[in-house]
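Shown next, in structure tokens, is the structure this report addresses.
Below, all heavy atoms of this structure are taken into account, side chains as well, without hydrogens, waters or symmetry copies.
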Amino acid sequence: QVQLVESGGGSVQAGGSLRLSCAAYGYTYYTYFMGWFRQAPGKEREGVAAIEGAGATKYADSVKGRFTISKDDAKNTLYLQMNDLKPEDTAIYYCAADPHCSVGYCLAARDKVAYWGQGTQVTVSS
């Protein structure tokens, strides 16, 4: 059974940094597509960053140059380093995984992603 557990959310002032972590259990982690999505109040869930098993990455335009996605295959853990945070980054951040997705497809097609974590809140104040 696939299980994704996020941690690292919190409150920070604009310009600050946070690092999110997602521990993955129950599958061959390193072969999967993994991604970070977020949902702000009153908005649809959107893709933020994604990484494939071989390491290819993709980012939403709104976070390019500020966020970095990475993974540690030995620890079955996905990370999202978020720098220069802005109030518009405030949202619940979700970790997601799928055995078949590509970063080019599933970052935009969230309904195709099979597995989701419970989410972690990120709040950025101005």
Side-chain angles (χ1 to χ4, degrees):
Q1 181 177 358
V2 175
Q3 186 178 11
L4 303 171
V5 181
E6 302 102 332
S7 61
S11 297
V12 65
Q13 289 191 330
S17 298
L18 284 173
R19 188 176 81 156
L20 305 183
S21 299
C22 173
Y25 306 93
Y27 65 98
T28 310
Y29 160 86
Y30 53 86
T31 67
Y32 275 43
F33 159 99
M34 294 198 74
W36 290 98
F37 295 74
R38 67 187 180 186
Q39 188 165 17
K43 295 187 176 181
E44 292 188 350
R45 193 172 298 188
E46 63 175 359
V48 175
I51 187 167
E52 291 178 353
T57 59
K58 187 174 178 66
Y59 296 88
D61 288 343
S62 60
V63 307
K64 282 180 182 177
R66 301 188 297 122
F67 291 10
T68 302
I69 190 171
S70 63
K71 61 189 181 85
D72 185 331
D73 291 343
K75 296 182 178 179
N76 278 16
T77 302
L78 178 74
Y79 302 100
L80 185 68
Q81 177 66 43
M82 304 186 294
N83 297 329
D84 190 23
L85 282 160
K86 304 176 180 181
E88 52 263 42
D89 295 318
T90 295
I92 299 175
Y93 283 71
Y94 297 90
C95 173
D98 191 277
H100 304 299
C101 281
S102 67
V103 293
Y105 181 64
C106 283
L107 192 62
R110 65 187 185 280
D111 57 322
K112 302 299 183 184
V113 180
Y115 305 108
W116 294 86
Q118 80 288 353
T120 186
Q121 177 70 47
V122 171
T123 303
V124 184
S125 58
S126 57

_Derivation and outcome, side-chain contact (heavy atoms from CB on, under 4.5 Å), residues Ser70 and Gln81_ = CA-CA 8 Å; Ser70 63; Gln81 177 66 43; over 6 Å; no

*Exam field: side chain Thr90 to backbone Thr123, donor-acceptor pair closer than 3.5 Å*: no

*Steps toward side-chain contact (heavy atoms from CB on, under 4.5 Å) verdict (Asp98, Lys112)*: CA-CA 8 Å; Asp98 191 277; Lys112 302 299 183 184; 6.0 Å; no

*Look only at the side chain of Glu6 and the backbone of Gly119, and say whether a donor-acceptor pair between them is shorter than 3.5 Å.*
yes

_Separation of Phe33 CZ from Ile51 CD1 (nearest 0.5 Å)_ = 10.5 Å

_Smallest separation among heavy atoms of Phe37 and Gly47, with atom names_ = CD2-CA, 3.4 Å

*In sequence, state the C-alpha distance, the side-chain angles, and the governing distance for Tyr59 and Thr68, and then conclude on side-chain contact (heavy atoms from CB on, under 4.5 Å).*
CA-CA 8 Å; Tyr59 296 88; Thr68 302; 3.8 Å; yes

*asked:* Applying side-chain contact (heavy atoms from CB on, under 4.5 Å) to Val48 and Leu80, what does each step give before you reach the verdict?
replied: CA-CA 10 Å; Val48 175; Leu80 185 68; 4.3 Å; yes

_cation_pi(Arg45, Tyr94) dist<6.0 Å, angle<=45_ = yes

*Taking atom CD of Gln13 as the centre, does the number of heavy atoms from other residues, nucleotides or ligands within less than 6.0 Å exceed 12?*
no

*Output yes when a side-chain donor or acceptor of Thr77 lies under 3.5 Å from a complementary backbone atom of Lys75, and no otherwise.*
yes

_Non-hydrogen atoms of Gln118 and Leu4 that approach each other most closely_ = OE1-O, 3.5 Å

*Close side-chain approach of Leu85 and Asp89, heavy atoms under 4.5 Å*: yes

*asked:* Counting C-beta onward and ignoring hydrogens, is there a side-chain heavy-atom pair between Val122 and Leu20 closer than 4.5 Å?
replied: yes

*What are the two closest heavy atoms between Gln121 and Ala91, and how far apart are they?*
NE2-O, 3.4 Å

*Could you pull out the closest heavy-atom pair between Cys106 and Val113, with the gap in Å?*
CB-CG2, 3.9 Å

*Answer with yes or no after comparing the ring centroid distance for Trp36 and Phe67 against a 6.0 Å cut-off, counting only values under it.*
no

_Any side-chain heavy-atom pair of Tyr93 and Met82 under 4.5 Å_ = yes

*Taking all non-hydrogen atoms of both residues into account, name the closest pair between Met34 and Ala24 and its distance.*
CE-CB, 4.4 Å

*Taking NZ, NE, NH1 and NH2 as the nitrogens, is one of them in Arg110 or Glu46 under 4.0 Å from a carboxylate oxygen of the other?*
no

*Please check if Ile69 and Tyr105 belong to a single hydrophobic cluster, counting links between Ile, Leu, Val, Met, Phe, Trp and Tyr side chain heavy atoms closer than 4.5 Å.*
no

*Taking atom CG of Leu107 and atom SG of Cys101, what is their separation to the nearest 0.5 Å?*
10.0 Å

*Evaluate the side-chain proximity of Ser21 to Leu78: yes if any heavy-atom separation is below 4.5 Å, no if none is.*
no

_Strictly distance-based, threshold 3.5 Å: is any side-chain N or O of Lys71 a donor or acceptor partner for the main-chain N or O of Gly53?_
yes

*Using the test side-chain hydrogen bond (donor to acceptor under 3.5 Å, both in side chains), find all partners of Gln3 that sit at least two apart in sequence or belong to another chain.*
none

*CH2 on Trp116 to SG on Cys22, rounded to 0.5 Å*: 11.0 Å

*Say you draw a straight line from OH of Tyr32 to CD of Glu52; how long is it, rounded to the nearest 0.5 Å?*
14.5 Å

_Looking at every heavy atom in both Ser126 and Pro87, which two are closest together, and how far apart are they?_
CB-CG, 3.9 Å

*Would you say Thr57's side chain and Ala50's backbone share a donor-acceptor pair under 3.5 angstrom?*
no

